[in-house]
Each structure stands twice: as C-alpha cells, then as structure tokens.
Amino acid sequence: MKKATMTLDRAYVISKIDPRIYGSFIEHVGRAVYSGVYEPGHPTADKNGFRGDVIEMVKALKMPLVRYPGGNFVSGFNWEDSIGPREERPKRLDLAWFTTETNEVGLHEFAEWCEKAGAELMYAINLGTRGVDAARNIVEYMNHPAGSQWSDLRIRNGRKEPFGVKLFCLGNEMDGPWQIAHRTAYDYGCVAREAAKAMKWVDPSIELVACGSSNSSMETFGEWELTMLDECYEHVDYVSLHQYYGNPTNDTPGFLARSMNMDDFIHTVSSICDAIKGKKHSKKSVNLSFDEWNVWYHSKEKDEEEWKKARWGRALSLLEDVYNFEDALLVGSMLMTLIRNADRVKIACLAQLVNVIAPIMTRPGAGVWAQTIYWPLMHASIYGRGTSLKPIVDSPVYDCADYEKVPVIDAAATMDDEGNVTIFAVNRDMADDVCLSVDLRSFEKLSLKEHILLHHDDVKAVNTHDNPDNVKPVAGNGGEIDHGVLQIPLKALSWNVIRLVVEG
C-alpha cells in the first residue's frame with residue numbers, strides 16, 4: 001500500500017471559515033425553478049406550490065445562502081416584473097436562454113422559499129439593460145422599513161417587514177460577450193461604483209460583490225479585474241470568480257487535478273485585489289466571492305438540440321448534467337480548495353442547486369434524488385465549520401497533461417470551537433489505496449469518531465430516479481490513533497471525511 005503523511009497543528013491556522021462558502025445558486029433557467037423548487041399540485045407541495053421534498057433535501061445540506069435570480073438571466077431582467085399579483089405579472093422573452101419567463105415565482109415567493117429552506121438570499125441586480133436607478137429602487141423595496149414609494153409598495157404587496165437582504169451581486173459576468181449588454185471593464189467599473197454608492201446610501205449595512213472574470217481562461221482575465229477595481233474598489237466588498245470544469249476527453253487523472261487551477265485562480269485574483277489596495281493606499285481589503293463553481297459539460301450537446309426544438313418554451317429541460325462518481329471527487333477537491341483559501345474566499349455558490357447542473361434532481365409529479373456531487377457538499381457544509389487549518393501533506397505525486405507533481409492525496413482540515421477536528425481527503429490514485437499517517441500531537445487527546453467514505457468501483461457510476469443510492473456514503477474502514485498519530489487507509493479514488501473528537 002502506498003503511504004502519505006500529514007502534519008496538523010492547532011497553531012497552523014489559515015482563517016475562520018465563513019459558512020457562506022457552502023452556498024448555492026438558483027437561476028431562472030431550465031427546470032431550476034419550475035418543476036424544481038416550485039411545482040403546484042405535486043404531492044409534497046405546500047400552499048405556495050413549493051415542493052416539500054426538495055426543501056427537505058436543501059435543509060439537509062444546511063445551506064447558508066442561495067444566489068438568485070441569475071446568472072445570465074439577470075442581465076435582461078426587470079425586477080419589477082417579479083412583484084405584485086401573479087396574474088398581472090408580464091411574460092417576458094428571456095434572451096439569455098431563449099425561453100419564456102412567466103414570473104410565476106417572484107421576489108416575495110422566493111424569499112419565502114429561502115426562509116423555509118433556512119438560507120440567506122443573495123440577490124443579483126441587473127447592470128446589463130438596467131442601471132443605478134433600478135439598483136437603488138430594489139434596495140429600497142427590500143430593506144427600507146416604510147414611508148417611501150418602494151417600501152410602501154412592498155407593504156401593499158403583503159410584506160410589512162423588510163426582507164433584510166444584506167448581500168447583492170452587482171450584475172453577472174459583465175466581461176462576457178455572451179452577456180446581455182456586455183460592458184468593457186472601465187464602463188462596468190464606473191457603473192458598479194455608482195450603483196454601489198446609491199445602494200449603500202439607501203442601506204449602509206449591505207455588502208456588494210463586483211463582477212470579476214467569468215473564468216480564468218478569458219483573454220481579459222487579470223486586466224479586467226485591474227481596470228474595474230481601479231474604478232470601484234472603495235465601494236465594493238468582494239470580487240466574484242466563476243469556474244466550471246469538464247472531462248470531455250475522458251482523462252480522469254487530469255480531470256481530478258483541475259482543482260489546482262481553481263487554487264491558482266483564487267491566488268491570482270487575491271493578488272490583484274491587494275495590488276489595487278496598495279495603489280490606492282487603502283485600508284480596506286476586498287475579499288472573494290466564488291459564486292459560480294461546479295462540473296459542467298455532460299449536457300451541452302443535448303441542450304443545443306432542446307433549444308432548437310423548443311425555442312421560447314417554458315421551463316425546458318436544459319443543463320441537466322447527470323453527474324458520475326468522478327465528478328463527486330472533483331467537487332470534493334474544489335470544496336477543499338475553498339476551505340484552504342478561507343482567508344480570502346468568504347462566499348461561494350455551487351451552481352446550481354436543483355435540476356440545472358445540480359446536486360438535487362426532481363421528476364415532475366414524482367420523486368427527488370441526490371446526485372453524486374450532493375454528498376461532498378453536504379459533508380463539507382456540516383463538518384467544515386469553524387477554523388481552517390493548514391495541512392502539511394507529503395504524498396506520492398503524478399503528472400498529467402496540464403500539471404506536474406499532482407499530489408495523490410488532496411486534503412483539508414478544520415477545527416471547531418470545542419477542539420474537534422475534521423479531515424477531508426480525496427485519494428486521486430486510480431489503482432492503489434494509500435495509508436495516510438496524520439500527526440495530531442499538538443491537539444488534546446483525540447479519538448476517531450467516524451470515517452465517512454464515498455467510493456464506487458466504476459468512476460462513471462451515476463444516481464438516477466430509479467437507482468438513487470447507487471453512489472452514496474458508507475462507513476469507512478476507520479483507523480487507529482497511537483501516541484497522537486492516526487493511521488488510516490484511504491481507498492483508491494475515494495472521498496473521505498475523518499471526524500476526530502476530543503476525548504471526554
């Protein structure tokens with residue numbers, strides 16, 4: 001059996017973990033909303049038409065935050081369409097996804113859904129076809145107590161108390177030529193600055209996320225962040241990062257190394273933020289919101305056919321990736337990357353939550369099930385709270401097309417307020433188990449409470465409506481602690497959660 005070592009020390013602190021890194025995202029696209037979270041007439045639906053079975057699966061994730069309503073959708077969205085009596089709301093052509101938006105689910109309904117799911121609402125405003133005036137008005141509508149045009153309209157629409165939304169995205173992917181009303185970096189930086197000023201004048205307690213690059217492969221990556229932050233740095237709190245990965249060439253070792261690209265992306269954007277801070281002699285630090293991340297490539301050919309067949313349809317079956325076991329392993333490594341960068345990444349959203357490139361899938365009128373990627377997200381959200389510790393790992397390595405010396409063992413570690421420790425680890429080795437030796441001698445005496453294992457002999461194994469438990473976590477083999485050193489076997493190609501608790 002191959003061997004790897006890890007040293008953990010309670011003094012090797014990276015940062016407190018902001019629980020908002022375990023957020024997700026629901027956009028008005030495909031079946032994310034309609035027949036996803038919302039399906040009147042479903043056996044589990046509540047009086048508002050929201051599926052109770054979906055809410056229970058979201059609650060099990062302890063999801064702290066949901067970004068809404070887009071995404072590309074938001075750059076052509078009039079927020080006023082989503083309030084008032086449902087029967088009076090307009091039907092709009094959505095130019096982002098070439099479908100028809102009925103606005104049956106709007107701001108009030110989705111805010112109520114978030115409350116039921118136990119999640120904070122992260123709201124994206126339109127800085128594509130709209131601008132400063134709409135931005136300030138929606139903050140007034142959501143958060144001002146009473147006595148003004150928009151707050152009084154909220155009250156007439158049935159919501160006396162303010163929504164109290166505290167986190168807003170200043171548009172979406174405005175660097176992308178595919179975006180409705182795409183802007184240059186300078187133009188966007190100016191609009192974001194002026195919108196931010198007006199929004200914070202209405203409610204100084206809110207936090208704002210400026211659009212960074214849509215992904216690290218954009219030709220303008222780096223230059224975009226430098227230019228736009230030069231205009232709006234003092235008025236925003238976070239910069240967004242978006243990144244999706246795929247395995248179209250069926251190169252599993254190379255695919256599982258993609259989280260290293262995510263780590264590079266985070267470090268580069270952090271450096272750019274600090275460069276602007278230095279240039280401006282600023283006392284504030286701008287942190288990161290990785291508010292779109294996931295695996296996304298399985299559904300793309302099918303989607304092209306669907307769009308051609310049903311252009312301007314409602315709630316088409318779009319972007320419905322069926323995730324396999326190797327996807328779950330990469331999602332686990334991406335989550336660990338967020339944990340290891342907790343000093344700068346304060347918000348993150350796995351995109352998306354239901355049906356659309358999602359951990360949760362539904363069948364209209366029938367059941368709900370967890371895709372393979374649901375499990376590492378659940379484990380990280382539940383057990384990855386507290387403080388992020390820096391693991392010193394000595395592991396076998398391998399080379400692949402894009403990276404050299406990829407560690408076979410990818411790991412992160414957390415410690416809660418009681419001193420209990422959780423180790424997350426992915427064994428990337430295609431064939432061999434690895435015995436991981438963990439030096440825990442700096443901690444109070446720890447005992448092994450639980451070893452959770454996610455593994456399947458077939459890296460392409462999937463979960464379906466009819467076989468929902470094909471890939472699911474089980475109890476691992478566990479390990480032994482002797483004189484403060486844990487010895488634990490990690491199966492080839494596996495996701496592992498190792499929970500250690502203070503004795504007594």
Side-chain angles (χ1 to χ4, degrees), residues 14-18 20-21 67 75 122 124-125 127-128 131-132 135-136 139 166-177 179 181-201 203-243 261-293 337-338 340-349 388:
I14 295 172
S15 174
K16 279 286 189 181
I17 297 169
D18 191 321
R20 295 179 298 175
I21 68 170
R67 181 171 174 248
S75 291
M122 178 185 189
I125 65 167
L127 285 185
V132 176
R136 66 168 179 154
V139 177
K166 296 303 180 185
L167 189 58
F168 291 84
C169 300
L170 297 171
N172 175 78
E173 294 186 357
M174 299 309 300
D175 64 322
Q179 203 69 208
H182 159 64
R183 298 179 184 271
T184 66
Y186 174 76
D187 182 29
Y188 171 73
C190 293
V191 170
R193 178 191 65 227
E194 296 308 311
K197 284 162 54 180
M199 293 167 74
K200 288 191 174 184
W201 284 338
D203 184 353
S205 70
I206 63 176
E207 292 186 304
L208 302 176
V209 182
C211 288
S213 293
S214 301
N215 60 73
S216 60
S217 299
M218 296 292 291
E219 290 185 3
T220 55
F221 171 50
E223 179 185 352
W224 171 274
E225 282 81 0
L226 282 167
T227 301
M228 73 91 178
L229 279 174
D230 205 25
E231 299 303 321
C232 66
Y233 184 90
E234 294 294 346
H235 301 280
V236 301
D237 305 286
Y238 308 95
V239 172
S240 74
L241 296 82
H242 293 180
Q243 192 73 56
N261 174 269
M262 185 185 196
D263 193 63
D264 291 341
F265 191 11
I266 290 169
H267 292 164
T268 301
V269 178
S270 297
S271 298
I272 293 171
C273 291
D274 291 344
I276 296 296
K277 176 181 180 179
K279 177 183 177 181
K280 293 183 174 295
H281 309 285
S282 178
K283 294 183 178 180
K284 70 174 288 186
S285 293
V286 169
N287 287 313
L288 308 184
S289 173
F290 216 125
D291 46 47
E292 285 190 36
W293 68 271
T337 302
L338 297 174
R340 291 194 303 264
N341 287 281
D343 57 329
R344 296 308 295 263
V345 180
K346 303 299 180 182
I347 301 160
C349 304
S388 175

Would you give the length of the straight line joining atom [atom1] of [X] to atom [atom2] of [Y], rounded to the nearest 0.5 angstrom?
X      : Y      : atom1 : atom2 : answer
Ser388 : Asp18  : OG    : CG    : 12.5 Å
Leu229 : Glu234 : CG    : CD    : 10.5 Å
Thr220 : Leu226 : OG1   : CG    : 11.5 Å
Asn287 : Asn341 : CG    : CG    : 11.5 Å
Arg344 : Ile14  : CZ    : CD1   : 13.5 Å
Leu338 : Ile347 : CG    : CD1   : 12.0 Å

Check for a donor-acceptor pair, side chain of [X] on one end and backbone N or O of [Y] on the other, with a separation under 3.5 Å.
X      : Y      : result
Glu231 : Tyr188 : no
Arg67  : Cys169 : no
Thr184 : Asp187 : yes

Looking only at heavy atoms, what is the nearest atom pair of [X] and [Y], with distance?
X      : Y      : result
Lys277 : Ser285 : NZ-OG, 2.9 Å
Leu170 : Cys211 : O-SG, 3.4 Å
Trp293 : Ala348 : NE1-CB, 4.0 Å
Gly189 : Cys232 : O-CB, 3.6 Å

Side-chain contact, heavy-atom cut-off 4.5 Å: [X] with [Y]?
X      : Y      : value
Met122 : Ser289 : yes
Val191 : Met174 : no
Asp175 : Met228 : no
Tyr238 : Asp291 : no
Trp224 : Met218 : no
Lys346 : Ser15  : yes
Leu241 : Met262 : no
Tyr186 : Cys190 : yes

Run the numbers on Glu225 and Thr268 for side-chain contact (heavy atoms from CB on, under 4.5 Å), then give the verdict. CA-CA 10 Å; Glu225 282 81 0; Thr268 301; over 6 Å; no

Any chance the side chains of Ser75 and Asn172 put a donor and an acceptor closer than 3.5 Å? no

Partners of [X] by side chain to side chain contact (heavy atoms under 4.5 Å, CB included), sequence neighbours excluded?
X      : answer
Asp203 : Val139, Asn143, Lys166, Ser205, Ile206
Gln243 : Asn215, Ser216, Tyr245, Asn261, Phe265, Phe290
Asp237 : Lys200, Glu207, Leu208, Lys284

Can you list the steps and then say if Cys273 with Leu288 is a side-chain contact (heavy atoms from CB on, under 4.5 Å)? CA-CA 9 Å; Cys273 291; Leu288 308 184; 4.1 Å; yes

Evaluate the side-chain contact (heavy atoms from CB on, under 4.5 Å) criterion for residues Lys280 and Asp230: first the C-alpha distance (whole Å), next the side-chain angles of each, then the deciding distance (0.1 Å), finally the verdict. CA-CA 8 Å; Lys280 293 183 174 295; Asp230 205 25; 3.5 Å; yes

